[in-house]
Amino acid sequence: MASWFRRRRPRVEAPTLTPRDTAAAALRVDLADLAPAPAVFLGHCAALHLTFIEQLTTAMANAPRVADKDALARVAGVVLTRYLALVAEIERLQLDKSDIMAPHLEGVEEFERRTQGNSWQEQVASAHVTIGFLTDFWMRLAAGLPADLRDRALAALGNGDLEGPMHRILERGIAATPPLASRLALWCRRLVGDTMLQARSALVLKDDPSRDEAKIEPVFTELIAEHTRRMDRLGLTA
């Protein structure tokens, strides 16, 4: 079976989905087996949220309209709230947040660099795609945490609305400049490979690659399907 990750820039196709209840049950089992220890989960996820804040701040600084700057500032505020909730869990475990996040900073900063985008519209699209995809992923990965921590992590990651404001910014931009749709569709397709690799870096793989891939592939199929739905709602071809 070909790995999702042997292709540098994978082409995204809309997969055939199993019923949602069945798919959700499968995801809980598959990713729970590959989840990192709680401290590693929290450190990696918190470090990633720092880069999300930087990504949104850059887009906000480059946005030409006050309304867009305001919307992105509010989105960054939601991400900051999630970040602080993750840090609170690190402190609940009596761990030093700097020590816990430091091993992950190089990887997440390189991911941010590769997915930043040039224009401010690409920067908003990058945030919309990467934060949406990775939030879906980390909420599934939380299945492997102890029950009490899992519930608090899910509450942190599900807090606030990120997708709606970014969707509306992009929707307005595409309506005002229709040729933008083709450029953003291409850019969003390019983001998927790096975003999948960033997600995969959080998994604790076992000694049997074929079994690992058998668990990973349906999970990422569902994540890509949700990404496709996100793009469809914007009228973009994923």
Side-chain angles (χ1 to χ4, degrees), residues 2-15 17 44 47-64 68 72 75-76 79 104-138 140 162-163 165-203 213 216-238:
S3 169
W4 285 104
F5 305 100
R6 292 172 187 163
R7 293 170 288 181
R8 183 174 178 81
R9 298 286 185 188
R11 187 178 182 84
V12 180
E13 298 177 357
L17 299 179
H44 193 160
L48 193 58
H49 277 70
L50 283 180
T51 67
F52 291 161
I53 295 169
E54 293 174 352
Q55 185 179 33
L56 289 163
T57 301
T58 298
M60 180 178 66
N62 292 329
D68 294 325
L72 290 169
V75 172
V79 176
H104 308 286
L105 283 178
E106 182 177 356
V108 298
E109 287 173 353
E110 173 62 14
F111 169 67
E112 181 192 15
R113 186 191 68 78
R114 293 176 64 87
T115 59
Q116 183 66 67
N118 294 317
S119 68
W120 81 273
Q121 295 100 329
E122 285 186 358
Q123 290 161 4
V124 176
S126 292
H128 189 44
V129 169
T130 61
I131 297 176
F133 190 107
L134 290 171
T135 298
D136 290 345
F137 168 79
W138 282 91
R140 286 160 169 83
L162 298 180
E163 182 167 328
M166 289 191 284
H167 173 93
R168 288 189 288 273
I169 290 171
L170 294 170
E171 189 175 49
R172 285 195 300 270
I174 292 167
T177 311
L180 180 63
S182 296
R183 179 157 60 88
L184 289 183
L186 178 61
W187 173 243
C188 290
R189 285 197 293 272
R190 292 182 59 192
L191 293 170
V192 174
D194 284 321
T195 306
M196 290 169 66
L197 287 169
Q198 172 57 218
R200 191 179 192 276
S201 71
L203 299 174
E213 292 301 330
I216 293 168
E217 187 161 0
V219 174
F220 279 84
T221 296
E222 176 66 15
L223 291 169
I224 290 172
E226 182 54 40
H227 163 75
T228 300
R229 288 188 285 268
R230 197 173 287 118
M231 294 298 96
D232 285 346
R233 287 191 288 271
L234 282 169
L236 303 180
T237 303

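From a predicted model like this one, the values you see are computed outputs, not experimental measurements.
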Test side chain to side chain contact (heavy atoms under 4.5 Å, CB included) applied to T130 and F111, step by step: CA-CA 10 Å; T130 61; F111 169 67; 3.7 Å; yes
Beyond-backbone contact of T177 with P179, side-chain heavy atoms, under 4.5 angstrom: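 Yes. Closest side-chain heavy atoms under 4.5 Å.
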Test item: L72 and P165 side chains (from C-beta on) under 4.5 Å apart, heavy atoms: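 Of all side-chain heavy-atom pairs linking P165 with L72, none is under 4.5 Å.
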Salt bridge check, [Y] against [X]: does any charged N sit closer than 4.0 Å to a carboxylate O?
X: E213; Y: R200; value: yes
X: E222; Y: R229; value: yes
X: E106; Y: R113; value: no

Derivation of the side chain to side chain contact (heavy atoms under 4.5 Å, CB included) call for M196 and I224: CA-CA 9 Å; M196 290 169 66; I224 290 172; 3.8 Å; yes
If you round to the nearest 0.5 Å, how far is [atom2] of [Y] from [atom1] of [X]?
X: H128; Y: L184; atom1: NE2; atom2: CG; result: 10.5 Å
X: E112; Y: Q198; atom1: CD; atom2: CD; result: 11.0 Å
X: L223; Y: T195; atom1: CG; atom2: OG1; result: 11.0 Å
X: H227; Y: R189; atom1: NE2; atom2: CZ; result: 9.0 Å

So which atom in [X] and which in [Y] form the shortest heavy-atom distance, rounded to 0.1 Å?
X: A125; Y: L191; value: O-CD1, 4.1 Å
X: L236; Y: A181; value: CD2-O, 3.4 Å
X: G117; Y: S126; value: N-OG, 4.2 Å
X: A199; Y: F137; value: O-CZ, 3.1 Å
X: A47; Y: L105; value: CB-CD2, 4.0 Å

Run the side-chain donor-acceptor check on residues 167-176: report pairs under 3.5 Å with partners two or more places apart or on a different chain.
| unit_1 | atom_1 | unit_2 | atom_2 | d |
| --- | --- | --- | --- | --- |
| R172 | NH2 | D68 | OD1 | 2.9 |

Inter- and intrachain pairs under salt bridge (Lys or Arg N to Asp or Glu O under 4.0 Å), touching residues 117-127, at least two apart: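 Checked against salt bridge (Lys or Arg N to Asp or Glu O under 4.0 Å) - neighbours excluded - the pairs reaching residues 117-127 are E122-R183.
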Pair V129-R230, side chain to side chain contact (heavy atoms under 4.5 Å, CB included): steps then yes or no: CA-CA 8 Å; V129 169; R230 197 173 287 118; 5.8 Å; no
Donor-acceptor contacts, no H, no angles, side chain residues 50-62, under 3.5 Å, sequence neighbours left out:
| unit_1 | atom_1 | unit_2 | atom_2 | d |
| --- | --- | --- | --- | --- |
| T51 | OG1 | L48 | O | 2.6 |
| T57 | OG1 | I53 | O | 2.7 |
| T58 | OG1 | E54 | O | 3.1 |
| N62 | ND2 | T58 | O | 3.3 |
| N62 | ND2 | Q123 | OE1 | 3.0 |

Aromatic plane relationship, W138 with H44 - under 30° parallel, 30 to 60° tilted, over 60° perpendicular: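 Perpendicular, since the angle between the ring planes exceeds 60°.
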Audit row: L234, M166, side chain to side chain contact (heavy atoms under 4.5 Å, CB included) steps and yes/no: CA-CA 10 Å; L234 282 169; M166 289 191 284; over 6 Å; no
